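To start, the structure itself, in structure tokens.
Start at 1 with the first residue, then count along the sequence. All values derive from a computational prediction rather than experimental measurement. As a basis for the values below, the full set of heavy atoms in this structure was taken, side chains included, without hydrogen atoms, waters or symmetry mates.
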Amino acid sequence: MGNKLVSNRLKFLIFTFLFFSVGSFVLLSLRSSHFRVGPVWTIRIPASRGKILDAQGRLCAYDGFVSVAYLDIDYLKSANLDRLKPHLELLLKNFNVGKTTQDVFASRQRFLRLGEATSRDEILRLIPTELLPYVSIELEPRRKRFTDFGMDKILGTVIGNRGVGGVEEALDSQLRGKKDGRAFLRFSGFVTLSPKLESLREPIDGKDIRLTIDMEFQRTCYEEILKAREQNQAVSVGAIVMETKTGRIRAMVTTRSWNDAVLGYFEPGSSLKPIVYAIALESGVISGEESFNCTGQIKPVPEVDVVVRDIDVHGVVSVSEALIHSCNSATIMIAKRIKEQLGDEVYYEWLKRFGFGEKTNIEIAGEIPGVLRKPSQWSKIDFAMVSIGQGIGTPPVQFLAAFNVLANSGKYVKPTIVEGGSVEEKRVISERTSDFIRKALHRVVLEGTGKRADVFEVSVAGKTGTAQKLVGGKDKDRYFSIFVGYFPAEDPLYTILVYIDEPSAGAYLAGEVAAPVFAAIVKRILQIRKEHPLKVVTTVMPDLRGLTLRDALLILEQIGIRKEDIRYEGVGTVKEQYPEPGAIDFRDKRIFLKLQ
């Protein structure tokens with residue numbers, strides 16, 4: 001593929017060279033910066049920026065080449081200006097440059113950029129024949145990118161061949177073209193020029209990057225958050241899907257115009273409680289058999305006039321029941337034990353172990369660390385407020401990675417958006433503590449605040465979080481609603497975060513607004529991953545029609561077909577394939593799949 005692209009670039013440049021040479025009957029193009037006088041002439045072949053592909057190999061960003069016309073002012077001044085003046089006026093008018101002939105003649109610049117077009121023919125039609133010797137057409141890269149389904153926030157953009165924002169900036173040094181190539185040509189003849197390629201030094205293009213993003217997952221999540229924003233009349237809605245055991249991000253969407261998953265943060269509210277309970281259990285501050293008495297309200301610090309209330313009076317509850325019903329009172333009692341037995345410094349260090357207050361170093365530019373104040377900056381009541389998810393700010397991707405510790409048997413895995421790297425993990429809590437919390441989180445969905453996250457087809461676990469927003473230092477009727485969970489509950493494949501900023505259609509509790517979005521995303525992922533009853537036979541070409549791209553590629557891999565021998569186009573399920581099902585001589589052929 002790389003050689004083909006180089007060949008196409010070279011053909012264009014040779015054609016342009018010959019056009020101008022023959023058009024003027026002399027090698028006037030040799031005066032441009034791309035050629036040198038002598039028996040052998042040199043043509044520059046611009047290096048391409050690396051492509052960005054999704055997890056299934058679909059193009060997300062790539063370099064397209066455009067034709068750019070430049071007027072050689074210095075060379076023009078050496079000609080008969082009076083004769084060329086009317087042609088110059090026409091040239092400037094055709095390109096809509098906004099300069100007069102006097103401006104051009106008075107310019108101290110050597111070259112004037114006239115304009116660009118997608119094809120050389122468009123450029124040539126705008127150049128009067130008399131001025132052909134004085135105009136050079138360059139081949140320059142322009143970044144093309146897929147912007148649907150919120151991909152633009154992940155990819156970023158390219159300005160002046162430098163990545164700005166997103167993956168383009170974070171991995172700019174890898175993506176950027178390294179070195180232009182050179183073609184060395186020898187021409188024979190005079191009126192009719194015949195080029196011979198003496199030698200070729202291929203350009204060193206930038207490295208291609210394959211993302212973990214799966215466009216099917218991305219589209220699914222984006223469609224669901226658009227519906228959720230409309231249904232809840234929310235300021236914004238976002239969602240992230242991550243593989244539980246690998247940290248690979250399969251979807252990252254937001255309805256905002258910027259990527260708030262890494263550039264913004266929220267107070268997690270009650271969705272932080274499972275982590276607080278895990279800290280208390282792991283450090284021996286509480287045991288799973290203990291119980292707490294919830295009277296519906298609690299004053300965390302006697303000398304501080306702050307009362308935290310529960311929606312309901314829960315009465316005497318076990319540790320699991322307190323988590324299932326998201327009891328503020330029991331949570332603050334547990335946090336008080338952490339403070340008294342471990343101290344604020346140790347509590348703070350535990351939160352750091354889960355990743356709070358630090359960047360995840362995901363491969364997206366501009367990631368922020370969130371807000372986790374040092375204990376020296378805590379007030380008397382902060383230990384309690386942090387335990388119910390207030391006074392702590394966490395970017396969505398950071399929070400998802402922290403919560404994933406519970407789903408992943410106590411191990412933290414670094415979130416990543418780039419395929420090919422090794423899984424980076426560390427143990428944070430024991431598997432025993434993780435199992436205890438996971439059982440409670442499953443019950444949250446079955447009988448607690450997360451019932452509307454339940455999905456009939458698969459077991460689900462998770463936690464709700466509803467954080468009241470402070471505006472101007474005062475409580476207002478504005479909320480941030482979160483549901484974070486995973487499935488299947490017994491052996492998680494995916495951990496998913498849904499967050500809704502200021503739902504205002506009446507309901508605002510996370511169990512009512514965020515949990516249903518989580519359930520909708522899970523159902524659609526199950527549909528994408530739906531297994532097809534297909535017997536894989538290695539001696540003939542299998543029938544892949546009706547399968548998702550993921551399943552088709554898996555089957556081809558099982559029968560020994562290399563990924564580089566597979567080509568596909570479209571989105572959806574396989575409608576056509578080549579070779580046809582049942583073909584025997586398929587192994588030496590390139591596989592083509594058409595999806596619809």
Side-chain angles (χ1 to χ4, degrees), residues 1-9 11 48-66 118-119 141-152 154-155 167-168 175 205-223 250-251 253 417-420 524-525 527-532 534 536 540-583 585-596:
M1 180 63 73
N3 290 335
K4 183 179 179 182
L5 291 174
V6 171
S7 176
N8 289 339
R9 278 176 260 171
K11 287 177 182 177
S48 288
R49 192 174 177 84
K51 297 186 290 292
I52 301 177
L53 307 100
D54 86 335
Q56 301 301 329
R58 303 179 184 95
L59 273 178
C60 298
Y62 64 97
D63 269 2
F65 284 85
V66 297
T118 55
S119 73
R142 293 291 182 270
R143 198 64 165 167
K144 310 290 185 182
R145 59 183 184 142
F146 183 80
T147 59
D148 290 352
F149 316 134
M151 283 299 296
D152 52 334
I154 294 173
L155 294 172
V167 174
E168 293 278 17
L175 287 163
D205 294 334
K207 179 184 176 183
D208 293 345
I209 299 294
R210 186 182 291 265
L211 302 180
T212 60
I213 295 293
D214 186 313
M215 202 62 70
E216 293 284 356
F217 281 39
Q218 185 80 1
R219 175 176 61 85
T220 290
C221 291
Y222 192 71
E223 290 172 354
R250 294 306 184 191
V253 295
I417 204 163
V418 177
E419 289 279 11
R524 293 191 62 179
I525 289 177
Q527 186 62 35
I528 292 172
R529 289 182 51 86
K530 187 176 181 181
E531 293 183 3
H532 298 267
L534 179 66
V536 179
V540 299
M541 182 67 185
D543 187 353
L544 306 173
R545 293 170 298 184
L547 300 183
T548 64
L549 178 61
R550 179 187 295 275
D551 290 340
L553 292 177
L554 179 62
I555 289 171
L556 290 173
E557 181 183 2
Q558 289 175 349
I559 63 174
I561 302 298
R562 301 180 306 169
K563 283 188 175 181
E564 52 265 35
D565 292 331
I566 304 170
R567 296 290 181 269
Y568 47 86
E569 66 178 26
V571 176
T573 56
V574 177
K575 293 300 179 186
E576 300 176 22
Q577 69 176 79
Y578 176 84
E580 295 181 350
D585 57 340
F586 66 96
R587 292 197 175 275
D588 296 327
K589 296 181 179 180
R590 180 157 289 182
I591 310 298
F592 176 77
L593 306 176
K594 184 176 182 180
L595 288 79
Q596 186 176 327

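Between the CG atom in L549 and the CG atom in D214 there is a gap of 8.0 Å [rounded to 0.5 Å]. Taken from CD1 in I561 to CD1 in I591, the straight-line distance is 5.0 Å, to the nearest 0.5 Å. Atom CZ in R219 sits 6.5 Å away from atom CD1 in I528 (nearest 0.5 Å). Here the NZ-CG distance, from K575 to L593, works out to 13.0 Å after rounding to the nearest 0.5 Å.
For R142, the side-chain contact (heavy atoms from CB on, under 4.5 Å) criterion is met by V66, V68, R113, E116, E140, not counting sequence neighbours. Looking at residues two or more places apart in sequence or on another chain, you find a salt bridge (Lys or Arg N to Asp or Glu O under 4.0 Å) between E419 and R248, R250. In this structure, the side-chain contact (heavy atoms from CB on, under 4.5 Å) partners of T118, at least two apart in sequence or on a different chain, are E122. Every side-chain contact (heavy atoms from CB on, under 4.5 Å) that K144 has, sequence neighbours left out, goes to Y62. Every residue meeting the salt bridge (Lys or Arg N to Asp or Glu O under 4.0 Å) condition with D63, not counting sequence neighbours, appears here in chain and number order: R143. Applying the salt bridge (Lys or Arg N to Asp or Glu O under 4.0 Å) criterion to K563, with sequence neighbours excluded, gives no partner residue. Partners of E564 according to the salt bridge (Lys or Arg N to Asp or Glu O under 4.0 Å) rule, which considers only residues two or more places apart in sequence or in another chain, are R562. Scored by the side-chain contact (heavy atoms from CB on, under 4.5 Å) test, Y578 finds K589, F592 as partners (sequence neighbours excluded). Among residues two or more places apart in sequence or in another chain, the side chain to side chain donor-acceptor pair (under 3.5 Å) test is passed with D152 by none. Here R210 pairs with nothing under the side chain to side chain donor-acceptor pair (under 3.5 Å) rule; sequence neighbours left out. Every residue meeting the ring-ring contact (aromatic ring centres under 6.0 Å, His included) condition with F146, not counting sequence neighbours, appears here in chain and number order: F149.
Between L175 and V167, the shortest heavy-atom contact is CD1-O, 4.1 Å. Smallest separation of non-hydrogen atoms from G150 and Y222: N-CE1, 3.8 Å. L544 and V574 make their closest contact through O-CB, 3.3 Å (heavy atoms, listed as atom of the first residue, atom of the second, distance).
Residues R145 and E168 are not paired through a salt bridge, judged by the lack of any N-O separation under 4.0 Å between the basic side chain and the carboxylate.
No side-chain heavy atom of D54 sits less than 4.5 Å from a side-chain heavy atom of Q218. Annotation: side chain of L211 is in contact with side chain of L155 (closest heavy-atom distance under 4.5 Å). Side-chain contact between E216 and R58: present, with at least one pair of heavy atoms (C-beta onward) separated by less than 4.5 Å. The side-chain heavy atoms of C60 and L53, taken from C-beta on, include no pair separated by under 4.5 Å.
A distance-only check finds no donor-acceptor pair linking the side chain of R49 to the backbone of P141 [under 3.5 Å]. D208 places a side-chain N or O within 3.5 Å of a backbone atom of K51 that can act as its donor or acceptor partner. With hydrogens and angles disregarded, a donor-acceptor distance shorter than 3.5 Å links the side chain of Q577 to the backbone of P579.
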